[in-house]
Amino acid sequence: MMHPALRSRFLRASKVTGTSASAAPPSARSVRRLLGQVSERPWASPEKVLVVVTLYGGNDGLSTVVPYDDGAYQDARPGLAYQVGEILDLGPGPGAGLGLNPAMTGLHALWRTGRLAIVQGVGYPNPSRSHFTSMDIWQTAAAAEPLYTGWLGRWLDLQEPADQDPLRAVSIGSVLPPMLAGERASGAAVPLGAMPLPGRLRAKDVARLGRPDAGDPVVESAVAASLCDFLTVRDTFDPVVRHWQQSTHGRRPDGGSLATQLDFVAACVQAGVSTRVYAVSLAGFDGHADAKPTQSSLLAEVDTAVSRFLGRLDGAATTPTVLIYSEFGRRVAANDSHGTDHGTAGPVLVAGPAVRGGCYGERPNLRDLHDGDLKFTTDFRSVYSALLDSVLDTEPARVLGSQFPRLALLCPRTTVPAHGGGSDQGDQHRRAREAALPGDG
Amino acid sequence: MTTDPRSDVAHLLRRACFGGLPEEIDAAAGDGYEATVQRLVERARDGSGERAHCLVKLEAELPMDSARTPEDRALVERQRGEQARQLAARWIDEMAWTQAPLLEKRTFFWHGHFATSVQKVTSAHLMLRQYETLRALGGGDFRSLVTELVRDPAMLLWLDADDNRRSSPNENLARELMELFTLGVGHYTDTDVREAARALTAVRYDARTGLTTLDAARHDRGPMTVLGVSSGFDDAALVALLVDRPQSPRFLVSRLWRRYVAPDEPSETATQRLLHAYGPRRDLTALLTALFLEPDFRSPAARRSLVKQPVEYVVGTLRSLGIRADHGPGQDRALLLSTLTALGQAPFSPPNVGGWPAGRAWLTASSAKVRLDFAHWAVRRGDIAAVRTASARSRATAAARLLGLDGWSRRTRAALDQVRRDPEALLVLALTSPEYLAN
């Protein structure tokens, strides 16, 4: 638990959401606060957060959720296929014939307790085999025409006030992924470390520069606001970073492994930071050659990081939901270098205490391929729709432009405990979920 | 229009180029606004005839085809990555220190217009070739420029045009050609796109020879019907049809206006004057010259109405503080490129074929942090004697002059005066100030 003195720093540093009588835009408020003109205010931590895990490079879906008893799978991948004795079986029931990669023991445990949803064959029409274009399509949720804005950026655009609140969506790392960039609002990229001001600058020097000036034209006032936003982000996350670094017993964070990123996210959630969306990532999935050992160790990293993250937040006041996706799957047939080339559809995983565990969507047919690639069976925007609706409480069409069939990946809102229930309550929910496992296909 | 000639030419140098040094602004103010426009345009015309001198030194590319082992492939990928970084850093240096800044700025505009990314093309050599095309033809006949671009190897790889077969035409290049390069959305139908794709089936890039060829055997000879015209189009005939549609010059005027002048559309009278300058010869130099001479270009509404793009921000800062991008230690290059990447505008790596966004998209909280760190680096790395040697009381004014700004708002002056005893801190604040970020 966070030290009370630290908690009060958060309260001071945070912006009031929804309860404030002040009509001033957040940036003006944060300037006044920095200049010592605002007193402490109460602040509510969010009930639900979405954590997006992006796997860069094109994760091999068939080695993640393995159709081990499909003869076509074994035939297509001599030397690369997993055998029945190796995989973590998802059967009997909707996962019959499927197994998780042997490295995914933690996610397998989540599956058994009904906290892991596997959406099969996820993709989009006319698939691009370019990492770059396909990742752009996933992040902007625009499969036909390119869009400038990310899908979560457009969600930010819909929030009130229309002005930016840089804390609503945060990516861990130095670069803001396109998915968090909206037209009017953007998420903030928060480095995995303190954000010292360079040289001898002090926060109040920057705050003076960010003060609104009556004579400011549009651009200047936007620049001033961004300086204030930066200070707000820094004020909010620097104490979390420092506390988190202390709690790792002086070990320096390892420069950004997925486990470290998610540890930091857990620390932010536990500290009650007002952020609703976190984005983290892991790269290196582009297994053209000798793919098996590399992918196993990457999947092990995902598995450990995600299961530890959910474990840390078990019973927390804030309910996390984790989305795990990659820009495409791999070609069904292995190539000559014990790897696979760029492919199309792949599985998407959604994990967390509010998830209705099970298999969703139709299993792609390995005997009915298009140019050697899987045909997608579920549009990725159906997954986004479920998350927008159930985690972010937003009508999906307002973000995605049109309606996509919505998957019932999450428990209906009313059955999710708003404040981490005791273990009895948790068990009840788990049993309810197990009873409600959806069918396959 | 303001009557201060120094302010006018400083504005011109910021927009047409990457900003002026104090003595350049003084000299240009002495020459007068119109004469300065003419001089910038002439230098661009002279410069486009020569190769950019700092961009011709890339080593031969290791062939990807013959890399058989993972180690060989890693070696090729390392070389390609290194060359892509070299190329980007050299262009930044060229932008900052060229004798023809209007030329590099114009080439950067075309790079955003025909946005192609080395991330997919994976060859600095091909990106360099496209850059040279944009640079050499960007002030000529728009038709020649577009015709070269639909045959440009990097463009063909970028838009998957090599997969464009008669049996299953790939519509990617055809669509972007109409939507983003020549007409704008709404001035063609999906049927036009499909028909246009058929016209582009002959173009092939041969990686072995490095040449683009027109393969008559693969060409769909039509007839195809594009925008109501039926003919056996090839790529050049298709481009000729598109650029002579009445919507094309208007589309071009609007694109240039939004990047060079103001975030909104030009008035109809300004548009008419600009269309007249462009004329039947599709003269891009005449169009750009007319743009700078347009009264609205210097109007109070247009002043400071744009946000400095990251490349403009970084290049302008290098210029003002006398920093060479490609001549310092290796970590300087790494810092410059990581700054531009963190700000979202690394040259040769646009996010998608639509190019880079404009305006407030650049003003995020994280970019403020990146700018503070970059400004701190630049102030320590560069020449700040003009501010350091000024008396504490006049340092804010000296900083405005060094950065080519007319002056400061009351807010910024107060913020700068608070740190006036620390010239480094004062300049870091000046370089991250609202006035400096506005363009």
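Quick note on labels: first sequence line is chain A, next is B, and so on, each numbered from 1.
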Exercise: identify the closest heavy-atom pair between Pro198(A) and Leu372(B): CG-O, 3.6 Å
Portion of Val233(A) that has a non-hydrogen atom of chain B nearer than 4.5 angstrom: side chain
Shortest non-hydrogen contact between Arg258(B) and Leu306(B), atoms and distance: O-CD2, 3.7 Å
Residue among Thr412(B), Asp422(B), Val379(B), Leu416(B) with most heavy-atom pairs under 4.5 Å to chain A: Asp422(B)
Part of Glu435(B) within contact of chain A (heavy atom distance under 4.5 Å): both
Distance-minimising heavy-atom pair for Trp356(B) and Ala346(B): CZ2-O, 3.3 Å
Closest heavy-atom pair and its distance - Leu180(A), Ala169(A): CD2-CB, 4.0 Å
Side-chain donor-acceptor contact under 3.5 Å, Thr317(B) with Tyr436(B): yes
Per-residue contact mode, Trp408(B) against chain A (heavy atom under 4.5 angstrom): neither
Winner by heavy-atom pair count (cut-off under 4.5 Å) against chain A, out of Asn439(B), Val307(B), Leu437(B), Leu429(B): Leu429(B)
Proximal component of Asp290(A), with respect to chain B [non-hydrogen, under 4.5 Å]: side chain
Leading residue by heavy atom contact count with chain B [cutoff under 4.5 Å; candidates Glu183(A), Arg200(A), Met195(A), Arg234(A)]: Arg200(A)
Proximity breakdown for Leu201(A) and chain B, heavy-atom pairs closer than 4.5 Å: side chain
Interchain contact, Arg73(B) with chain A, by part (heavy-atom threshold 4.5 Å): side chain
Residues Arg202(A) and Asp205(A) bridged, charged N to O under 4.0 Å: yes
Ser128(A), part contacting chain B, at a heavy-atom distance under 4.5 Å: neither
Salt-bridge criterion met for Lys369(B) and Asp373(B) (N-O under 4.0 Å): yes
Check against side chain to side chain contact (heavy atoms under 4.5 Å, CB included), His342(A) and Asp286(A): CA-CA 8 Å; His342(A) 300 180; Asp286(A) 195 16; 3.3 Å; yes
Basic-acidic side-chain contact under 4.0 Å: Asp417(B), Arg395(B): no
Engaged part of Arg371(B) at the chain A interface, taking heavy atoms whose separation is under 4.5 Å: side chain
By side chain to side chain contact (heavy atoms under 4.5 Å, CB included) - contacts of Gln418(B) (at least two apart): Arg208(A)
Region of Val353(B) that comes under 4.5 Å of a non-hydrogen atom in chain A: side chain
Toward chain A, the part of Thr432(B) with a non-hydrogen atom under 4.5 Å: both
Toward chain B, the part of Pro217(A) with a non-hydrogen atom under 4.5 Å: side chain
Chain B contact via Ala222(A) - side chain, backbone, both or neither, heavy atoms under 4.5 Å: both
